[in-house]
Amino acid sequence: MRKKIISMLFCVVLLFSGLLAGCTAGEQNTNTGTFVLGKAPKYVFMLIGDGMSAVQINAAQVLNGNNTLGEISTNNLLFASFPACGMATTHDSTSFCPDSASTATAMSTGYKTHSGVIGMAVDKSTPVTNIAELLKAEGMKIGIISTVTINHATPAAYYAHVASRSDYYGIALQMAESGFDFFAGGEISKPTGSNKDQKSAYEILKEKGYTIARTAAEIAALNASTGKCYAIAPNIQDSGSMTYAIDRQEGDISLADLVAKGIEVLDNKKGFFLMAESGKIDWSCHANDAMTTIKEVLDFEAAVQVAYDFALKHPDETLIIITGDHETGGMTIGYASTGYDTAFNILNNQKLSFVEFDKLVKSMQKADSNLTFEKVMPVITQYFGLKLPSGNAEADAADPLVLTDYEVEKLQNGFTQAMLPSADREADEEYALLYGTYDPLSVSITHIINNKAGLGWTSYAHTGVPVPVYAYGVGSELFNGYYDNTDVFHKLCTICKID
Ligand SMILES: [Zn+2]
């Protein structure tokens, strides 16, 4: 026992000395990503994966890694190699499981506030200035991008001040008043207000001088001489958001495309601040759909690549920050029934998101009033690879995609509930645990395929685990260490020389 404790202590000492050595090396690094003292960055990228913490990132690294026994290795994302990495706590003044409004406000303004509040202090009435407004006042151009609606909580925290994130119309009006130079991504949520009786926010944006581009050709035509503009991706999928990467068709616009366009529109001699959010990592984690989440993370990485390529061309004057606002879903690698094993290769059988699968089943149900589980099962096999047992026990045991009796029952129960009108479903605790507010069939399918792969979920909401913060470029060293999400703002102010 004592021997064990001593060897554990030795390991801890080794670990700490390793970490310290890493820090020292980081500060002395004179290659790429150096800290140029006395100079603020001209270009700042703040790239946020909503709902993205270490597990979402590592799940993507595992899926793309080597899953062969004896050769296990991750295939790390680009930002994992950034010279600085820290950890940020995400609680807000209401909860250790915070929401996007308060966490984005913490990062954009340095203030903790209540869940649901955007750009206001904890009294819910005092507007607090955000980093984008401060940098705008310094003469920089400002760009705000989100794959979900542009007046959703995270992007709004970089231009709006409202007591409630549900005040979509109020947020849209502040977007029009912001004077910011580039908005892009999803549509405006509730553009004519909750009662649909207000003047269209799109019209107000036009009156305020914004060019609104809605087609690929119109977006392609935007450039540095366009003036203030708002690019809405033509590929809109659900609730005004852009298509999930897993469902995207050729020619559809991606987050990476919009970051590239943002750079083109914003580039000027005084520099720019560009906040880009991948908002649907969060949405697919709420729904406990791991493969859709992983594809979103990889798509987010493609957007980081665009910023990184720009930074390589503008060394010593660019800063890139990558983080999440909070974790969503309580995603973890490892599951009760798979123990120490993982089999992420199984996930590659999933060909669409839960959203598209739900649409598919709804259309089948519409066309066939006697839709049975037996009729839906081939579609489940087609899009997720999962199979009913063949009867040959040996062959079935060797095929990881064959469902166990327990899993078949789970799927059948999910199907039965899914066929009922929402009002007729069992509104008990077990139902809430099994399906949350999601379609009982698709969430059963993703749970089963995720669990078979060795991946688990604990929640349909946000969790309280800290998020990693990666940084590259001017001042990036400041993002090493363990701190609070409000410090992201303070560190940015220090680096950008704002009081
Ligand atoms: Zn969020």
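Numbering of ligands and ligand atoms starts at 1, following listing order.
Thr154 lies apart from the Zn ion (ligand 1) in this respect, since none of its N, O or S atoms is found at a distance under 2.8 Å. Put simply, Asp325 gets within reach of the Zn ion (ligand 1), with an N, O or S atom under 2.8 Å from it. Distance check for Asp99 against the Zn ion (ligand 1): none of its N/O/S atoms falls below 2.8 Å. Distances from the Zn ion (ligand 1) show that His462 has no N/O/S atom below 2.8 Å.
Relative orientation of the Phe183 and Tyr159 rings is perpendicular, given thresholds of 30° and 60° on the angle between their planes. Ring planes of Phe79 and Phe82: perpendicular class, angle over 60° (limits at 30 and 60°).
Both the sub-6.0 Å distance and the 45° axial angle are not jointly satisfied by Lys351 relative to the ring of Tyr383. Both tests do not hold together for Arg425 against Tyr435: distance to the six-membered ring centre under 6.0 Å, angle to the ring axis within 45°.
Counting just the N/O/S atoms of His326, the one with the shortest distance to the Zn ion (ligand 1) is named NE2. Looking at Asp50, its N, O or S atom nearest to the Zn ion (ligand 1) turns out to be OD1.
In this structure, the side chains of Met275 and Ile48 come closer than 4.5 Å at one or more pairs of heavy atoms.
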